[in-house]
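Below: one structure, written as structure tokens.
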Amino acid sequence: MHINDAVFLEDLCPKFRFRQWRKSIHRFTGKSCIYCGKPSESIDHVLPRCQGGLSTTENCVPACLSCNGDKSDENALYWYRKQKFYDPRRAMAIRAWLEGDLRLAIRLLQWANPNFRDNDKGYEAAKSKYKAA
Ligand SMILES: [Zn+2]
């Protein structure tokens, strides 16, 4: 049984599990920063660890190094509102993520970024052609 083997391996090796978890966080957003949409290179603790923030999926979002470093220990939503690249859809996505509703968060991110899914590219191209005509 493959599934049982995987569980066994993860139990034996917490580091392996941690790496898998980090990967899965990045995969949720298609490896893009939840704040600005650039490639995510790090995991940001929304509630900083120094303020008791846990390394749980609800508290950890994919972020680029620039956002992660700039935000530092500030409240994520408060910091985000002050950014030039602020997008209310992303703000809603971040809120949904923090509430553990990843499905809603991902939908909102897709809405904020039409290139999020490759399948949508054809549709977008067709639409801009239509507009130009
Ligand atoms: Zn960013």
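Order of appearance sets the numbers: ligands from 1, and atoms from 1 within every ligand. Any value given below was found using the heavy atoms of this structure, including those in side chains, with hydrogens, waters and symmetry copies removed. No experiment lies behind these values; they were computed from the predicted model shown.
- Annotation for Lys23: atom NZ does not count as buried by contact number, only 12 or fewer foreign heavy atoms lying within 6.0 Å.
- When all heavy atoms are compared, the tightest approach of Cys60 to Trp97 is O-NE1, 3.1 Å.
- For the Zn ion (ligand 1), protein N, O or S atoms under 2.8 Å: 4 in total.
- Every ring-ring contact (aromatic ring centres under 6.0 Å, His included) that Trp79 has, sequence neighbours left out, goes to Tyr35.
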_Run the side chain to side chain donor-acceptor pair (under 3.5 Å) test on Trp21 and Thr57 for me, step by step, so that the C-alpha distance in whole Å, both residues' side-chain angles and the decisive distance to 0.1 Å come before the verdict._
CA-CA 8 Å; Trp21 171 75; Thr57 303; 2.9 Å; yes
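- The side-chain heavy atoms of Leu98 and Glu58, taken from C-beta on, include no pair separated by under 4.5 Å.
- Cys67 is listed as a side-chain neighbour of Cys36, based on a closest heavy-atom distance under 4.5 Å.
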